Structure formats: structure tokens, C-alpha cells
There are 2 protein chains.
Amino acid sequence: MRDILTSTPIESCPVRQILTDVGDKWSILILIALSGGPRRFSALRRDIPDISQKMLTQTLRKLERDGLVSREVTPSTPPRVDYDLTALGASLMHQITPLAGWAVRHLDEITAARRRFDWSSTSG
Amino acid sequence: MRDILTSTPIESCPVRQILTDVGDKWSILILIALSGGPRRFSALRRDIPDISQKMLTQTLRKLERDGLVSREVTPSTPPRVDYDLTALGASLMHQITPLAGWAVRHLDEITAARRRFDWSSTSG
DNA sequence: GAAGCTAGGTATCAATTACGCTCTTGGTAT
DNA sequence: ATACCAAGAGCGTAATTGATACCTAGCTTC
């Protein structure tokens with residue numbers, strides 16, 4: 001595993017690429033929403049109430065560019081745009097799911113560690 | 001899976017928390033480096049040549065705060081600081097490893113998708 | 001005894017991204 | 001008039017990262 005560090009230039013470390021890519025504020029939330037099946041733009045806004053219109057558009061574009069999400073426009077009035085996971089996106093989500101399980105199981109530990117750390121820096 | 005979106009406030013989605021946490025520029029590189037065993041500060045700098053001293057310190061502090069990395073100071077002269085994965089950090093890396101495998105297998109596809117996307121926006 | 005080395009870290013400043021808010025577009029239906 | 005649906009533009013702020021200089025404590029060297 002560590003040979004990733006020396007054998008490849010830092011920039012192209014594959015794990016880092018996908019983690020920084022999907023590690024922004026909204027990407028996984030969108031991918032999770034789409035795991036339930038194809039959704040329209042406005043449905044995604046309802047699924048993720050805190051996201052702004054701009055960030056939803058922007059993040060969807062990025063995921064589309066990466067080939068993780070497909071975008072199908074129906075030029076009706078009002079316009080209709082359906083988003084869905086591609087096969088690649090679905091296969092990524094199969095990797096994310098166990099990670100999500102780990103996160104759910106261990107988030108308490110991380111939170112506790114943070115409290116310990118913050119407490120001992122303040123008063124110790 | 002999608003019930004994460006509605007059942008929990010956005011802020012506390014566990015998957016998002018760890019992905020945004022570990023999704024910054026340097027965290028995984030450090031975690032990968034430490035999977036090879038405990039390392040001193042200066043050894044980590046050599047492992048990850050592009051990282052600045054500031055970012056290495058800063059990221060290590062964050063990982064320590066999260067309970068993923070341990071930090072042991074030997075107050076000699078010159079001082080000596082050893083970093084290592086905690087049990088929690090090691091268990092996280094067991095989840096990251098399969099994701100890393102996926103990344104290695106599919107990065108070409110993502111790169112190709114990006115090229116297609118960029119090409120069709122330019123000339124199509 | 002002043003200068004410089006070491007390993008780890010801090011402080012400061014600048015540049016770059018990321019993100020959010022608000023306004024605009026364009027046909028249609030209420 | 002007003003709202004809908006998807007999206008783009010412009011502007012401002014917050015967060016992230018990088019460059020540089022400085023600090024600590026003992027040790028060597030001139």
C-alpha cells in the first residue's frame with residue numbers, strides 16, 4: 001500500500017483522487033440520493049434541503065463529468081432533467097456502502113476522541 | 001441508505017463526515033504512509049515530499065484529534081516525535097483499502113469520462 | 001562567545017477554492 | 001401578475017493551502 005507514495009507522483013494517487021473528488025460538501029449526499037433510483041433536479045433539491053441551486057447544478061456537472069452520474073434532458077415546458085447513477089457510479093457506491101457502515105459504527109468514537117483532545121488542550 | 005438523507009440532519013450524516021474529513025488534500029496520504037508502521041515527523045516529510053511542514057503538522061493534529069493517529073513525544077535534544085495509527089485508524093484503513101483497489105481499477109474510466117465530457121463541451 | 005546545526009513546531013501573509021445569496025432567462029399555466 | 005423548472009451570472013464571504021520567517025534547546029565549530 002505504501003508503495004503508492006513512492007511509485008507514483010503524488011498528484012496521481014488514485015485513492016486521493018476519488019476521496020478529494022467525492023469528499024466535498026455535497027457529492028456523496030447526491031450519490032446517496034441517486035442510489036434510490038433516478039431523480040429529477042427538483043426532487044434532489046427536496047432530498048437535500050440545505051443545498052443551494054447553484055451547488056446542486058455545479059456538483060451534478062462534476063459527477064457527470066466524472067462519469068458517475070448520467071443526465072437526460074427532456075426539452076418539454078417546463079424542462080425536465082433526469083439524473084441517475086451510471087454503472088460506474090453504482091459500482092463506486094458499492095464500495096462506499098461498507099465505508100458508510102464503518103462510519104455509522106465508529107462515529108461515536110471519533111466524536112469522543114475529539115472531545116478528549118479539545119478538553120486536554122484547554123485545561124491540561 | 002437513502003434514509004440517511006431524511007432521518008438525520010444533513011450536518012451529521014456519518015459518511016459525509018468521514019469523507020469530508022479524510023477527503024482533504026493530505027489526510028489519506030499520511031494514513032497510507034502510517035499503514036507501513038510508526039514514523040517520525042521527518043520520515044513522513046520524506047514519504048510525502050510535496051507536503052509543507054505546516055500542512056503536515058496541521059493534518060497530523062487533525063488526525064490525532066479524531067483519534068486516528070497517535071503522537072508520542074520524546075523530549076530529547078533534538079526532540080523526537082513518533083506518529084502511529086491507532087486501532088481506530090487501522091480499522092478505518094481496512095475500509096479504505098478496498099476503496100483504493102476500486103480507485104486503481106477504475107481511474108482510467110473516470111479519466112476517459114472526463115475527456116469525453118470536456119471534448120463534447122468544447123466542440124459539440 | 002557568536003554563529004550555525006538539528007527536529008519539530010508557530011505565526012503571518014497571500015493566493016486560491018469552495019460555497020452561498022440573489023438576480024435573470026424563457027416559455028407555460030394558474 | 002405570478003409561479004414553475006432547470007440553469008446561468010455576478011458578487012461576496014469563508015475555508016483551504018502555500019511561502020516564508022521565526023522559535024526552542026542543546027550541541028558543535030570557528
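In what follows, chains are A, B, ... by sequence order, proteins preceding strands, each numbered from 1. Only a predicted model underlies this, so the values are computations on that prediction, with no experimental measurement involved.
Using a 4.5 Å heavy-atom threshold, the side chains of B:Asp118 and A:Arg65 count as touching. B:Arg115 has its side chain within reach of B:Thr111: a pair of non-hydrogen atoms, C-beta onward, lies under 4.5 Å apart. A heavy-atom distance below 4.5 Å is not found between the side chains of B:Leu29 and A:Val15. B:Arg16 places none of its side-chain heavy atoms less than 4.5 Å from the side chain of A:Ile32.
Judged as a ring-ring contact (aromatic ring centres under 6.0 Å, His included), the pairs with a partner in residues 85-110 of chain A (not counting sequence neighbours) are, in order, A:Trp102-A:His106.
Taking B:Asp82 as the reference, B:Arg80 meet the side-chain hydrogen bond (donor to acceptor under 3.5 Å, both in side chains) condition, with sequence neighbours excluded. B:Arg61 is linked by a salt bridge (Lys or Arg N to Asp or Glu O under 4.0 Å) to nothing, counting only residues two or more places apart in sequence or in another chain.
The CG-C1' distance, from A:Leu29 to C:dA18, rounds to 16 Å in whole Å. Atom pair B:Arg80:CZ and C:dA7:P shows a separation of 11 Å (rounding to whole Å applied). Rounded to an integer number of Å, the gap from B:Leu44 CG to C:dA7 C1' is 13 Å.
With hydrogens and angles ignored, the 3.5 Å screen pairs a side-chain donor or acceptor of B:Lys62 with a backbone N or O of B:Asp21.
The nearest pair of heavy atoms linking A:Ile18 to B:Ala103 is CG1-CB, 4.1 Å.
Under the 4.5 Å side-chain heavy-atom criterion for ILVMFWY residues, a single connected hydrophobic cluster contains both B:Met55 and B:Val81.
B:Glu109 CD to A:Ser91 OG: the interatomic distance, rounded to the nearest 0.5 Å, is 7.0 Å.
Two residues, A:Pro79 and B:Pro79, neighbour DNA chain D, and the one matched to the more 5' nucleotide by heavy-atom proximity is A:Pro79. If B:Thr77 and A:Pro78 are placed on DNA chain D by their nearest nucleotide, the residue sitting closer to the 5' end is A:Pro78.
On the nucleic acid side, DNA chain D has its first and last nucleotide under 4.0 Å of a heavy atom of chain B at D:dT17 to D:dG26, going 5' to 3'.
Helix bend of the helix from C:dG1-D:dC30 to C:dT30-D:dA1: the angle between its two end axes, each built from five pairs, comes to 40° after rounding to 10°.
A heavy-atom distance below 4.0 Å to DNA chain D is reached by these residues of residues 51-75 of chain A, ordered by number: A:Gln53, A:Lys54, A:Thr57, A:Arg61, A:Arg71.
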